Amino acid sequence: MLALCRRDILLAVRSGGGFGLALAFFLILVMFVPFGVGPDRAVLARIAPGILWIGALLACLLSLDRVFQLDAEDGTLEALATSPIPLTGLVSAKAAAHWITTGLPLTLASAPLGYLLGLPAEGYIWLVTSLAVGTVSLSFIGTFGAAITVGIKRGGLLLSLLVLPLYIPTLILGAQVVTRAVSGQNPVASLALLGGLTLLTLALIPIAAAMALRANLR
Amino acid sequence: MSLWEYANPVKFMALSGRILPFATVLSAALLLTGLIWGFFFTADDFKQGSTVKIIFLHVPAALMAINIWLMMLVASLVWLVRRHHVSALAARAAAPIGITMTLIALFTGAIWGKPMWGTYWAWDPRLTSFMILFVFYLGYLALWQAVEDDDTAADLTSILCMVGSVFALLSRYAVNLWNQGLHQGATLTATKESPIDGSYYYPLLVCIVGFITLFVTLVLLRTRMHIRLRRSRAVLAREASR
Amino acid sequence: MMTVTDLDCLRGQRCVLKGVSFSLDAGDCLILRGPNGAGKTTLLRTLAGLSPSPEGRLSAPPEAIVYTGHLDAVKPQLSVRENLAFWQGIYQNAPKDTLTRFDLDELAERPAATLSAGQKRRLGLARLHVSGRMIWLLDEPTTALDADHVARFTAILTDHCSSGGIAIISTHLDLDLPRAQTLNVADFAAPTGNGSTTSDDPFLQGSY
């Protein structure tokens, strides 16, 4: 499983679409917000938590359709399905690699982007923490969507339609952590709920995604 | 003789064919009675005036929107565990009815909301939950459309329905944390004393039962359609392979 | 060592093979014959556990089986050595002579994207050796291989069988495997329902 995770990260780096693409998308999205709503610092600071969370979430979507598609096209997925790695392990390794190549860089990039949007100082630690916890669940849920749509040609759009509704609880709780922190409330409870949600996806999603892969491999 | 025998398409077609006329007549009768009783033979509310009468569409539609998803979940589980084709097709048949009910609930709610709250739409937890439910239905239907192989489509949509149910439930509670709402609490509860007056209660009950029988009628009709579609595809495939 | 009893094989929802039965001992090699569409790939995929089988029994545990399909499972962005190292990590098994056996020594550092179809095929087949598993399921393994490498691969197969392994191969080529048994897949073709009243497909039963 470690070998699979390592190879996926290597492939993401080699094909150039890994770290860079999601980050660039995130940056552009955040840059667009002042264009859309005006450069007023007070307004930007107010909507910054939500914008940063939505931006990270959308950037996460970008590379999802490649999680299984490339492996399915060149036969690697079949070979892996008959290998010693159980399908749940395969899904977890893939999701972990996706998180390391997108979720983690997005989390790290969120702090400087938060500064651009004038996020109040007390928000940074909570922004980074909530994204670090929340993007894990985004990657796992996204991997489930990728497992469902792996057999569908040009399934990218469908993938977004399936995955985005599943992102709702994560987005609500994640953005709430930051919002509460900058408005002087205690964000710990929201963060705990977000953590619980992530643990739930870690437990549930690999099983469901493995079932979907099994159905698609037939 | 067990219930599972009706999971066989032949048995199901025979049984549903016998039930369908009764279900059609019953649902038409109940809906007409309930709606006419509700709209024309109940007094206007002293505060809400006649707008309150939209309750006879709004409440049953909202109830059905959620319960149809539950029915799809049960049918999906039956398909995954016992692999009865009729079960998967029944889930597929129910989804468009469910999404229509969700839309009816949203629209009648909007019409009711304007005079009551002064707005067609508010980001209230209940309203938002229904919008979320609507998106879940959309994804489910889109997946059925996109997958070519029938059994694979049944598998994938069932898995999506399962996972979707968990996340829809989580969304429901997350939305509650996110915003306190305008919407009143549940009108009908089994345990507490009902906050609704008797003169509204009975026509509302008739309407709800009417919506349920309407759903049964439609879902039988649509399941029969899907079974026939599957059969014609199977026949075509057999002819082609000869 | 490997017994298959009354196995039914599905392609999509259609049953293409019915009641497939054979039995192989350690060291046996089985060649699947049959025209296109007879169900050779379907049988191999069913044996590999990729396609479900509604009926029948397979005695070999899945941990003993390795399958190669029409695709090579080679990543173009990785070098030949990296591709092999990946599968070594997956199977937790790193035999030393894989590169030599499959004549890949000189290509080791080349990115797989620059390989020819035949070279890619050899790299794909090298996974069999890396897996260290006893039962090889091979679907048209010699596609794109030149005569020299077909002979080389046949030698590898003979070697594998003589060390107690089993190979089931679907091929149109006459491989030089004197001890090999042959199974004509067409013998097990499922009846297409011509005139028969009972059909496997529940949607073809009865009338309505």
Side-chain angles (χ1 to χ4, degrees), chain B residues 4-21 78-90 92-93 144 147-159 220-242, chain C residues 6-20 34-58 62 67 69-71 184-208:
Chain B
W4 295 117
E5 287 205 9
Y6 293 104
N8 173 291
V10 183
K11 288 263 172 59
F12 178 83
M13 288 303 274
L15 180 75
S16 60
R18 279 202 299 278
I19 295 177
L20 206 49
V78 170
W79 159 252
L80 285 178
V81 176
R82 303 204 49 148
R83 307 206 72 79
H84 290 313
H85 287 89
V86 172
S87 183
L89 292 182
R92 178 177 197 178
W144 265 112
V147 185
E148 276 165 28
D149 183 85
D150 290 312
D151 278 3
T152 311
D155 276 337
L156 294 177
T157 50
S158 298
I159 297 165
L220 286 179
L221 208 63
R222 292 186 52 84
T223 311
R224 286 167 65 84
M225 175 193 81
H226 280 298
I227 289 176
R228 289 209 162 102
L229 278 173
R230 271 295 286 272
R231 184 181 174 87
S232 53
R233 273 199 296 277
V235 170
L236 283 175
R238 188 181 62 186
E239 296 303 316
S241 71
R242 265 186 196 168
Chain C
D6 280 332
L7 197 71
D8 289 1
C9 302
L10 300 178
R11 185 196 297 134
Q13 293 138 49
R14 233 163 55 78
C15 182
V16 283
L17 298 175
K18 228 173 161 46
V20 180
N36 292 139
K40 299 187 292 293
T41 299
T42 310
L43 175 58
L44 286 173
R45 286 179 59 90
T46 310
L47 293 176
L50 287 168
S51 295
S53 172
E55 214 60 59
R57 257 171 40 79
L58 167 66
Y67 164 81
H70 295 282
L71 300 163
N184 192 351
V185 173
D187 292 346
F188 298 102
T192 46
N194 277 352
S196 68
T197 46
T198 54
S199 172
D200 286 330
D201 192 335
F203 290 98
L204 288 174
Q205 295 164 357
S207 60
Y208 41 85

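Computed from a predicted model, the values in this text were never measured in an experiment. Proteins come first, then strands; the chains are lettered A, B, ... in the order of their sequence lines, and each starts at number 1.
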Can a donor-acceptor pair be found, under 3.5 Å and without considering hydrogens, that links the side chain of R231(B) to the backbone of P202(C)? no

Chain C interface, residue from V86(B), N8(B), T152(B), D150(B) that has the most non-hydrogen pairs under 4.5 Å: D150(B)

To the nearest 0.5 Å, tell me how far R230(B) CZ sits from L204(C) CG. 10.0 Å

Is D149(B) in contact with chain C via its backbone, its side chain, both, or neither, using a 4.5 Å heavy-atom distance? both

Minimum side-chain heavy-atom gap L89(B)-F203(C) below 4.5 Å: yes

Taking every heavy atom of Y208(C) against every heavy atom of M13(B), the minimum-distance pair comes out as CD1-CE, 3.5 Å

Can you establish whether the number of heavy atoms outside R57(C) located under 6.0 Å from its atom CZ is more than 12? no

